[in-house]
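For reference, the structure is listed below as structure tokens.
Just so it is clear: chains get the letters A, B, ... in the order the sequence lines come, proteins before strands, and each one is counted from 1.
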Protein chains: 2
Amino acid sequence: MNKDASESLQKAKDDFVGQWGAMGSSWGINRTMAQIHALLLVSAEPLSTDQIMEDLRISRGNANTNLRDLVGWGLIHSVIRKGERKEFFAAEKDVWKIFCTIARERKRREVTPAMEVLQRCAAESKDDKSQEGRDFHRQMNDLLEFMRMGERVLDHIASSEESRVLKFAARFLS
Amino acid sequence: MNKDASESLQKAKDDFVGQWGAMGSSWGINRTMAQIHALLLVSAEPLSTDQIMEDLRISRGNANTNLRDLVGWGLIHSVIRKGERKEFFAAEKDVWKIFCTIARERKRREVTPAMEVLQRCAAESKDDKSQEGRDFHRQMNDLLEFMRMGERVLDHIASSEESRVLKFAARFLS
DNA sequence: TTTGAATTTCAGGATATTCTGAAATTCGTG
DNA sequence: CACGAATTTCAGAATATCCTGAAATTCAAA
């Protein structure tokens, strides 16, 4: 992963990349994507597609697809080096920024569509006066309201300074 | 799903169950499990395995496995009716409680193991004095610290009254 | 415009996950 | 006990997801 790293450091990095990749699955992220992200997270220098292929023993197609997806998420970006023809990739390393990016993207990809479903189901049952109907409508609205609140809080967190959020968290915990 | 529900209400419920199931995938939950949960969430009465099989058109084995998993998550519980031999299932419907349950379980199943990995990687690189080594160690610790903070906040949220949390959220948002 | 390195695409193969259905087991009841 | 309803288990089938490798495409440099 980096020729300068000592053997034991290299082992620790490989460990991280491997484990982080395995974790990806349970988070609904494919293994390769999580591994590439982990690899770039602990790489001192930007890496080329070929370096990533070699390091993780994966095909070019696989590397390319997942790199594009990671760029799409905003978790990595490409780096162009003077005089070099090929593209390199580097990960955002600031944990707070990573968190905000993931929160923003998961909201866009998963939370918003879910809320649209709830919205529609609530609307469809608005005029049903039976007990069943009222209960269902209530349940949809409860879920909706909860998610709206969560969304607002996350938006606010993601658009605040880390220090301000931490200060608030500290106050909350005390 | 319930013989009393009007046709349009029935359609809204089916819509919810179907869509919620599809959503499950992107949240790393299998479709059937999400569907069963959705079905029980909007069912006025507890349902038996056979009713669930019929409603969702799934096999007994599938129904049984996923019901057990949902019980394991604490999202549903079985209901024994006097004089009835078979088991019925009902979902917790309070949104706040559902949230706390999911937060607790995902923490146990996903966050804690991830933190153990980070902990180990940080330890393995503690004595490496190279720049590479220091950077890696720092990165592991940053991630770890961030997750610890998140964990503490979530724990605190999940063990507080909903009203207290909402009050704090309101203050944060203002 | 030509050349070839770099990147992208995607059909088909490889894996992983989920589901079925029936047999095995459990367990309340007579 | 013996019966049979209810539940559990699990091998194999069905499906969904991911990966490979090679051909097609893009694009900078000459």
Side-chain angles (χ1 to χ4, degrees), chain A residues 17-40 45-73 76-90 109-110, chain B residues 17-40 45-73 76-90 109-110:
Chain A
V17 172
Q19 296 284 156
W20 205 250
M23 293 276 322
S25 318
S26 57
W27 266 92
I29 289 164
N30 86 46
R31 209 171 70 257
T32 303
M33 193 165 141
Q35 283 185 161
I36 294 179
H37 185 225
L39 177 58
L40 291 174
E45 300 294 325
L47 301 179
S48 68
T49 300
D50 292 84
Q51 288 173 304
I52 291 166
M53 286 166 57
E54 186 186 0
D55 202 304
L56 301 179
R57 258 47 84 77
I58 61 177
S59 71
R60 183 172 305 283
N62 193 11
N64 182 266
T65 304
N66 283 292
L67 282 166
R68 288 304 139 214
D69 286 351
L70 282 166
V71 170
W73 274 72
I76 67 174
H77 59 272
S78 75
V79 173
I80 306 299
R81 285 192 173 146
K82 284 185 259 181
E84 289 263 23
R85 186 88 163 263
K86 62 166 155 284
E87 196 170 23
F88 290 75
F89 297 91
R109 295 163 194 243
E110 291 151 28
Chain B
V17 171
Q19 296 284 156
W20 204 250
M23 292 276 321
S25 318
S26 57
W27 266 92
I29 287 163
N30 86 44
R31 207 172 71 256
T32 304
M33 192 165 142
Q35 281 182 340
I36 295 179
H37 185 226
L39 177 58
L40 292 173
E45 300 294 324
L47 301 178
S48 67
T49 300
D50 292 83
Q51 290 173 302
I52 292 166
M53 285 166 58
E54 186 186 2
D55 202 305
L56 300 180
R57 258 49 82 78
I58 59 177
S59 71
R60 185 172 302 284
N62 193 10
N64 181 268
T65 304
N66 283 291
L67 282 166
R68 288 305 138 212
D69 286 351
L70 282 165
V71 170
W73 273 71
I76 68 173
H77 59 271
S78 74
V79 173
I80 306 300
R81 284 191 174 147
K82 284 185 258 181
E84 289 263 23
R85 187 90 164 260
K86 60 167 155 284
E87 198 169 21
F88 290 76
F89 297 90
R109 295 164 194 244
E110 292 151 26

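- A:Thr49 pairs by the side chain to side chain donor-acceptor pair (under 3.5 Å) definition with nothing, not counting sequence neighbours.
- Between B:Glu84 atom CD and D:dG4 atom C1' there is a gap of 16 Å when expressed in whole angstrom units.
- When the side chain to side chain contact (heavy atoms under 4.5 Å, CB included) test is applied to A:Ala34, the partners found at least two apart in sequence or on another chain are A:Ile29.
- Evaluation of the side chain to side chain donor-acceptor pair (under 3.5 Å) rule for B:Asn64 yields no partner, not counting sequence neighbours.
- The CD atom of B:Gln35 sits 13 Å away from the P atom of C:dT18 (whole-angstrom rounding).
- Atom CE in A:Met53 sits roughly 14 Å away from atom C1' in C:dA5 (whole-Å rounding).
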* Asked: Along nucleotides 9-30 of chain D, 5' to 3', which nucleotides get a B, which get an S, and which get a -, given that the test is a protein heavy-atom distance under 4.0 Å?
  -> B--------SSBB-----BB--
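- In this entry the distance linking NZ of A:Lys86 with P of C:dT7 reads 7 Å, nearest Å.
- Rounded to an integer number of Å, the gap from B:Asp69 CG to C:dT17 P is 14 Å.
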* Full working for salt bridge (charged side-chain N to carboxylate O under 4.0 Å, His left out) between A:Arg60 and A:Asp50 -> CA-CA 8 Å; A:Arg60 183 172 305 283; A:Asp50 292 84; 2.9 Å; yes
Give every donor-acceptor pair under 3.5 Å between a side-chain atom in residues 76-85 of chain B and any protein atom, sequence neighbours left out.
residue	atom	partner	partner atom	Å
B:Ser78	OG	B:Glu87	OE2	3.3

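- Atom C1' of nucleotide D:dA6 and atom CZ of B:Phe89 are separated by 11 Å, given to the nearest angstrom.
- Applying the side chain to side chain contact (heavy atoms under 4.5 Å, CB included) test to A:Asp69 and every residue at least two apart in sequence or in another chain returns A:Met33, A:Thr65, A:Asn66.
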